[in-house]
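Worksheet: one structure, shown below.
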Amino acid sequence: MSLFGRLFGNKTKEPVAEVYNGYRIFAEPMKDDGYYRLCARIELDTETDVRVHQMIRADTFNDEGAAADAAIAKAKQVIDQQGEKMFRT
């Protein structure tokens with residue numbers, strides 16, 4: 001941690017990954033007009049790189065924790081339904 005981070009406290013909090021079927025899911029609720037929007041980052045390691053899918057949904061929650069829980073559940077559903085297809089553009 002940097003000197004300023006130790007002195008003033010590190011305000012940024014890195015999300016912790018939940019591993020599901022080989023994918024890493026990071027719940028990243030987005031503050032939106034007093035609510036939290038359901039957002040998550042899904043990552044998959046391949047032989048050559050790391051594939052990343054940013055998932056943003058219209059669902060909003062009053063509580064950041066509830067948004068994070070819902071994001072994890074939704075990401076698992078996307079993984080089950082789409083698998084690696086989610087990375088195609």
Side-chain angles (χ1 to χ4, degrees):
M1 180 182 282
S2 71
L3 175 62
F4 290 111
R6 287 192 302 263
L7 290 175
F8 301 107
N10 190 354
K11 302 291 187 226
T12 60
K13 188 170 69 171
E14 184 65 29
V16 177
E18 179 168 328
V19 178
Y20 179 74
N21 291 344
Y23 295 81
R24 285 185 304 279
I25 303 169
F26 297 88
E28 300 176 331
M30 182 187 312
K31 189 84 166 168
D32 184 13
D33 199 27
Y35 296 95
Y36 292 92
R37 186 164 303 279
L38 188 155
C39 298
R41 184 175 77 239
I42 303 170
E43 296 182 353
L44 177 66
D45 291 328
T46 68
E47 291 180 9
T48 57
D49 63 355
V50 177
R51 293 185 176 190
V52 179
H53 175 75
Q54 187 68 37
M55 181 184 78
I56 302 173
R57 298 291 187 260
D59 309 43
T60 58
F61 300 83
N62 293 327
D63 179 67
E64 184 177 12
D69 291 343
I72 295 292
K74 187 61 160 179
K76 288 177 179 180
Q77 182 181 16
V78 169
I79 290 167
D80 289 341
Q81 291 176 345
Q82 297 182 19
E84 290 188 46
K85 293 177 190 174
M86 81 177 91
F87 301 113
R88 293 186 185 150
T89 55

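Computation of the quantities below employed the complete heavy-atom set of this structure, encompassing side-chain atoms and omitting hydrogens, waters and symmetry-equivalent molecules.
Applying the salt bridge (charged side-chain N to carboxylate O under 4.0 Å, His left out) rule to pairs touching residues 26-36 yields Glu28-Arg41, Asp32-Arg37, sequence neighbours excluded.
Residues Leu38 and Ile72 share a hydrophobic cluster, clusters being chains of Ile/Leu/Val/Met/Phe/Trp/Tyr side chains in contact below 4.5 Å.
Taking every heavy atom of both residues into account, Ala71 and Ala27 meet most closely at CB-CB, 4.3 Å.
Residue Val52 belongs to a hydrophobic cluster whose other members are Val50, with links defined by side-chain heavy atoms closer than 4.5 Å. Hydrophobic cluster of Ile56: the remaining members, joined at side-chain heavy-atom separations below 4.5 Å, are Met30, listed by chain and number.
Enclosure of atom CZ in Phe61 by more than 12 non-hydrogen atoms of other residues, nucleotides or ligands within 6.0 angstrom is indicated.
Residues forming a salt bridge (charged side-chain N to carboxylate O under 4.0 Å, His left out) with Arg57 (at least two apart in sequence, or on another chain): none. Residues forming a salt bridge (charged side-chain N to carboxylate O under 4.0 Å, His left out) with Asp69 (at least two apart in sequence, or on another chain): none.
Residues Tyr36 and Thr60 fail the side-chain proximity criterion, which asks for heavy atoms closer than 4.5 Å.
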Just distance, no hydrogens or angles: give the donor-acceptor pairs under 3.5 Å from side chains in residues 18-26, sequence neighbours left out.
| residue | atom | partner | partner atom | Å |
| --- | --- | --- | --- | --- |
| Glu18 | OE2 | Lys76 | NZ | 2.7 |
| Tyr20 | OH | Asp80 | OD1 | 2.9 |
| Tyr20 | OH | Asp80 | OD2 | 2.9 |
| Tyr23 | OH | Glu84 | N | 3.3 |
| Arg24 | NE | Glu43 | OE1 | 3.2 |
| Arg24 | NH1 | Asp45 | OD2 | 2.8 |
| Arg24 | NH2 | Glu43 | OE1 | 2.9 |
| Arg24 | NH2 | Asp45 | OD1 | 3.1 |

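Distance CD/Gln82 to NE2/His53: 6.5 Å, rounded to 0.5 Å.
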